[in-house]
Amino acid sequence: EQIIALVPTLMADMKYDLLDEFGTSWYSDGTRLNSLTFHGLSASISTTATYAGISQTATTAWAAQSVDGTGYGADPLSKLLSLQMACSVGNRGGRDRNQIDIFLCTSTDYQVAMNSLSAKQIYATDTEMAKAGFANALCWGVPLAWSEYATAATIFGLNSNLFEIVCGTSQLFETFTEWTV
């Protein structure tokens, strides 16, 4: 009876473990767990690697843009703006097509950016992002969000027009069904 009573708890623990693994893999370079995890955001940083089957060397438009973060602590908002502008160079269509629409960083980098905002600046929290577990504020009109899984010393700028994650159910993971990786 005690073992049967533990089953719901074990299933809940497995669900949280899966969510932890997903959060960690989201920011990874794809080499974790003997390279069996998907290529996360860190895999896209190199401008010479093949990412999503496309060579960033052969197809320069596919190359990840990056900005040297030296001096971020002194002027984080300038670095974030530089990253946003670097990702829009050479493209047409304005904000709706080619610019970053979210910055993702660690809580430390988030705190540095928030401390640099002037006292009169108003920042808003996006309730949908809050539901997803992100604390966020607007920086240059773009949400700046922190995640406990984010890679240290790296801020990712993403354009959600370029990718989409779809969950087939209302839950991120189904724990009572068989599935193939």
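Note that these values count all heavy atoms, side chains included, but never hydrogens, waters or copies made by symmetry.
In this structure, CD on Glu1 lies 7.5 Å from CD1 on Ile4, to the nearest 0.5 angstrom. Atoms SG and CG, from Cys139 and Leu77 in turn, are 4.5 Å apart once rounded to the nearest 0.5 Å. Put simply, OH on Tyr110 and CG on Asn115 are 10.5 Å apart, with the number rounded to the nearest 0.5 Å.
Cluster annotation: Leu10 and Leu19 are assigned to distinct hydrophobic clusters (Ile/Leu/Val/Met/Phe/Trp/Tyr, side-chain heavy-atom contacts under 4.5 Å, transitive). The hydrophobic cluster containing Met14 does not contain Leu6, counting ILVMFWY residues as joined when their side-chain heavy atoms lie under 4.5 angstrom apart, directly or transitively.
For Ser28, there are no side chain to side chain donor-acceptor pair (under 3.5 Å) partners, not counting sequence neighbours. Thr9 meets the side chain to side chain donor-acceptor pair (under 3.5 Å) test with no other residue; sequence neighbours excluded. Every residue meeting the side chain to side chain donor-acceptor pair (under 3.5 Å) condition with Tyr149, not counting sequence neighbours, appears here in chain and number order: Asp20. With sequence neighbours excluded, the residues satisfying side chain to side chain donor-acceptor pair (under 3.5 Å) with Glu21 are Ser25, Arg32. Taking Thr108 as the reference, Thr106 meet the side-chain contact (heavy atoms from CB on, under 4.5 Å) condition, with sequence neighbours excluded.
For the pair Gln84/Phe103, a side-chain contact is recorded, criterion being any heavy-atom separation below 4.5 Å from C-beta on. Looking only at side-chain heavy atoms (C-beta outward), Lys79 and Leu83 stay at 4.5 Å or farther from each other. With contacts defined as side-chain heavy-atom distances shorter than 4.5 Å, the pair Asp109/Pro76 does not qualify. For the pair Ile100 and Phe156, the minimum side-chain heavy-atom distance is 4.5 Å or more. Residues Leu104 and Trp26 have side chains in contact (heavy-atom distance under 4.5 Å, counting atoms from C-beta outward).
For the pairing with Cys105, the side-chain contact (heavy atoms from CB on, under 4.5 Å) check across Val112, Thr151, Ile155 returns one residue only, Ile155.
Among pairs with a residue in residues 2-14, none fulfils salt bridge (Lys or Arg N to Asp or Glu O under 4.0 Å), at least two apart in sequence or across chains.
Across Tyr72 and Ala113, no two heavy atoms sit closer than the pair OH-CB, 3.6 Å.
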